[in-house]
Amino acid sequence: MTEKTNKLNRQEKTEKIFSIASNRGFFFNTANIYGGKAGFFTYGHLGKSLKNNWESLWKKYYLNLDENFHEIQSNSILPENVFKASGHIENFNDPLVECKKCNSRFRADHLLEQDGIADAEALSIEEMNNEIINRKLKCPKCGGNLIDARQFNMMFPIEIGFAGDRAYLSPETAQGAYLTFKDEFFATRSQLPLGLAIIDKVYRNEISPRQGFFRLREFTQSELQIFFDADRINEHENWKEIENEILLIKFANKEKIEKITCKKLNSSHKIPKFYIYHVAKVQKFYLEIVGIPKEKFRFRELNEIERAFYNKIHFDVEIDFGTLGGFKEIGGIHYRTDHDLGGHQKVSKKNLSVNIDGKKFIPHVLELSFGVDRNVFMLLDIFFNKKENNTILKLPSKLAPIKVAIFPLVKKDKKLIRIAKDIYKELLQEWDVSYDESGSIGKRYARNDEIGTPFCITVDSDSAEKKDVTIRNRDDGKQKRIKITELRDVLRKLISGEVSF
Ligand code: ATP
């Protein structure tokens with residue numbers, strides 16, 4: 001095995017992942033037969049299963065952080081006033097530059113970042129224009145001159161009904177939770193903290209969605225809005241549980257990732273305990289539940305200019321993507337203060353404050369926000385492995401789209417086929433499993449390694465007599481014989497991670 005056969009450069013890895021994605025059914029360009037449209041993808045059968053599994057894992061973990069965290073479902077279409085109150089109509093803009101010659105459009109901050117300016121997002125429009133002129137930037141497509149950058153609102157406007165009432169496709173799930181807060185507060189016995197989670201489609205008219213699956217115009221977010229009493233921000237009932245945990249953080253305006261305990265983050269950086277508790281839980285989710293290697297994970301603290309004006313504290317969750325050439329955002333932890341409920345109270349003129357033990361106040365919001373599709377893409381990027389001429393997707397079993405593949409060793413042996421199909425039908429009651437009788441056994445293993453199937457079961461000539469089968473572990477190719485009657489129980493333990501192979 002040479003180094004060359006095992007390591008792919010960034011472009012080769014990207015091409016390989018995209019080819020597996022479309023050949024095997026993870027995702028495809030939407031409306032391919034009409035030439036597709038940038039920023040829109042369709043999940044195939046494996047991709048949809050992977051996405052479902054990620055969403056289930058997310059729900060199970062985050063809803064269990066507190067007994068008063070619940071999932072709700074709101075709407076993708078919301079009336080204009082919602083976005084007046086939230087500030088999206090005024091502020092949900094990206095800086096657009098256009099080529100005078102070929103009319104191609106780009107995000108000004110992205111062009112400047114490609115030219116070496118770190119965090120260009122933080123510059124004002126005037127500063128961006130000055131930099132574009134000073135650096136003599138031209139259109140990356142045709143070399144033409146660029147028109148001055150201007151703000152471009154990223155929401156999709158629509159009209160409702162005959163009267164044509166102005167509304168928008170929601171660019172984040174969060175607003176649905178803010179609009180429902182007061183109803184849910186009463187429905188859940190008027191207690192704080194109250195967490196409202198939404199997993200749903202959102203829509204952003206991104207200027208240049210050119211990073212494949214990473215920057216989409218229609219995508220899914222999983223967000224948890226935690227409403228709490230701001231006077232209690234420096235406490236959490238389970239603080240002791242996490243206070244000595246070490247967090248991996250790249251602080252604002254610093255170059256290196258620092259390892260810092262929750263306790264120290266609280267005492268020397270003055271980040272409140274309620275916020276830190278959730279940072280620690282997000283890190284635990286990625287490192288322990290999903291299994292992301294430590295060196296590929298970090299939080300990035302955003303400085304005052306980079307973060308939205310209403311976010312008092314903002315840490316992004318970043319993953320080092322081999323395909324994207326470095327750390328990229330997949331989520332964010334935002335302390336949004338009372339900006340949201342306060343804004344809706346002002347515009348709707350409805351009282352959104354609560355009264356707890358005689359104290360009347362507008363709750364503050366801590367938001368845990370994740371892009372589901374970016375997380376799905378992260379799984380493909382992180383768990384992709386090359387082995388000689390084959391690839392293995394070493395997905396954690398609980399996330400794998402197909403948990404078990406069942407093969408009869410010989411295609412023509414009716415007895416083996418019957419046993420294999422019986423096993424297939426039995427396991428299907430509990431998991432997504434597949435049955436495959438075509439090609440050599442080696443090819444069948446390779447096909448399943450490529451899509452991340454953790455276990456393959458082969459029914460061979462001994463199976464009828466001994467009532468056992470071979471089970472093969474994806475990650476090291478090791479095989480064991482196991483009684484058919486014990487199969488389901490053993491698989492249950494292997495898939496849940498209760499035992500290792
Ligand atoms: P970016 O800086 O990459 O544009 P953002 O800071 O605007 O993202 P948020 O508004 O905080 O993102 O949205 C929360 C999460 O939604 C992000 O962390 C990301 O995972 C996901 N997300 C945002 N924009 C997109 C997009 N265009 N396509 C796919 N996922 C997205």
Side-chain angles (χ1 to χ4, degrees), residues 27 30 37-41 43 47 51 54-55 58 62 83 86-88 91-96 106-110 112-113 118-123 151-156 169-177 197-225 282 285-286 290 292 297-303 305-311 313-319 321 323-324 326-336 339-340 365-381:
F27 53 77
T30 294
K37 197 85 196 140
F40 296 92
F41 278 92
Y43 282 94
K51 182 173 185 256
W54 194 90
E55 289 175 2
W58 187 91
Y62 287 99
F83 300 107
S86 67
H88 280 85
N91 298 312
F92 198 58
N93 303 317
D94 266 347
L96 165 75
F106 309 93
R107 258 179 70 172
D109 53 333
H110 287 177
L112 290 168
E113 276 168 16
D119 304 327
E121 208 182 344
L123 301 178
Q151 295 291 12
F152 171 78
N153 190 282
M154 292 201 293
M155 283 197 297
F156 285 98
L169 294 181
S170 201
E172 59 179 20
T173 70
Q175 296 308 319
I198 300 182
I199 300 185
D200 217 340
K201 283 283 182 85
V202 297
Y203 303 84
R204 296 184 185 182
N205 203 359
E206 295 278 356
I207 293 169
S208 51
R210 291 196 180 86
Q211 288 159 299
F213 205 72
F214 191 77
R215 190 164 293 286
L216 305 173
R217 286 176 164 138
E218 175 179 341
F219 57 100
T220 303
Q221 282 185 325
S222 51
E223 296 192 300
L224 174 63
Q225 311 300 322
V282 169
F285 177 74
Y286 281 101
V290 183
I292 302 296
F297 176 92
R298 74 178 185 195
F299 292 106
R300 183 170 79 88
E301 184 193 29
L302 274 69
N303 66 30
I305 307 168
E306 291 169 316
R307 61 184 189 243
F309 69 93
Y310 50 81
N311 277 337
I313 313 173
H314 181 160
F315 284 13
D316 271 344
V317 182
E318 295 191 336
I319 296 290
F321 281 77
T323 53
L324 297 169
F327 278 97
K328 300 283 172 202
E329 173 186 341
I330 53 152
I333 305 175
H334 314 133
Y335 172 31
R336 300 174 65 126
H339 166 76
D340 305 287
V365 170
L366 173 62
E367 174 187 60
L368 311 186
S369 171
F370 304 90
V372 173
D373 317 83
R374 279 191 191 175
N375 277 271
V376 167
F377 190 59
M378 165 198 83
L379 297 173
L380 300 182
D381 183 294

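We count ligands from 1, going down the list as the structure has it; atoms in each ligand are counted the same way. What you see below is based on every heavy atom in this structure, not just the backbone, and it leaves out hydrogens, waters and symmetry mates.
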Peer 1: Is the distance from the ring center of Phe370 to that of Phe285 below 6.0 Å?
Peer 2: no
Peer 1: Can you sort out which atoms of ligand 1 are near Leu216, meaning under 4.0 Å from one of its heavy atoms?
Peer 2: 26 (C), 27 (N), 28 (N), 29 (C)
Peer 1: Among all protein heavy atoms, pick out the one at the shortest distance from atom 14 (C) of ligand 1; state its residue, atom name and that distance to 0.1 Å.
Peer 2: Ser369 OG, 3.0 Å
Peer 1: Would you say Arg204 and ligand 1 have an N/O pair spaced under 3.5 Å apart?
Peer 2: yes
Peer 1: For the 3.5 Å polar cut-off, considering only N or O atoms, please tell me whether Gly332 and ligand 1 meet it.
Peer 2: no
Peer 1: Any idea which part of Arg215 is under 4.0 Å from ligand 1, heavy-atom wise: side chain, backbone, both or neither?
Peer 2: both
Peer 1: Over 60° means perpendicular and under 30° means parallel, so tell me whether Phe299 and Phe315 are parallel, tilted or perpendicular.
Peer 2: tilted
Peer 1: Determine, using ring centers only, whether Phe213 and Phe41 are less than 6.0 Å apart.
Peer 2: yes
Peer 1: Say whether, by atom type as modelled, one donor and one acceptor occur between the side chain of His339 and the main chain of Ser86 under 3.5 angstrom.
Peer 2: yes
Peer 1: Could you pull out, from Phe213, Tyr203, Phe92, Phe214, the option with a heavy atom nearest to atom 29 (C) of ligand 1?
Peer 2: Phe214
Peer 1: Strictly distance-based, threshold 3.5 Å: is any side-chain N or O of Arg107 a donor or acceptor partner for the main-chain N or O of Asp94?
Peer 2: no
Peer 1: Would you mind running through ligand 1 and noting each atom that sits below 4.0 Å from a heavy atom of Glu206?
Peer 2: 24 (N), 26 (C), 27 (N)
Peer 1: Any side-chain donor-acceptor pair under 3.5 Å between Thr323 and Asp381?
Peer 2: yes
Peer 1: For Phe219, is at least one N or O under 3.5 Å away from an N or O on ligand 1?
Peer 2: no
Peer 1: Distance alone, cut at 3.5 Å: any donor-acceptor contact between the side chains of Asp340 and Tyr310?
Peer 2: no
Peer 1: Consider every N or O of Gly371 and every N or O of ligand 1, then say whether any pair is closer than 3.5 Å.
Peer 2: yes
Peer 1: Determine whether any heavy atom of Ile330 lies closer than 4.0 Å to an atom of ligand 1.
Peer 2: yes
Peer 1: Show me which atoms of ligand 1 lie under 4.0 Å from any heavy atom of His334.
Peer 2: 11 (O)
Peer 1: Tell me whether the count of non-hydrogen atoms from other residues, nucleotides or ligands lying under 6.0 Å of CD in Glu121 goes above 12.
Peer 2: no
Peer 1: Out of curiosity, is Glu329 lining ligand 1, as in a heavy atom under 4.0 Å away?
Peer 2: yes
Peer 1: Please state which part of Gln221 comes within less than 4.0 Å of ligand 1, counting heavy atoms only: side chain, backbone, both or neither.
Peer 2: side chain
Peer 1: Less than 6.0 angstrom from the centroid, inside 45 degrees of the normal: does Arg300 satisfy that with respect to the ring of Phe327?
Peer 2: no
Peer 1: Quick one: look up the protein heavy atom nearest atom 19 (C) of ligand 1 and list residue, atom name and how far away it is.
Peer 2: Arg374 NH1, 3.5 Å
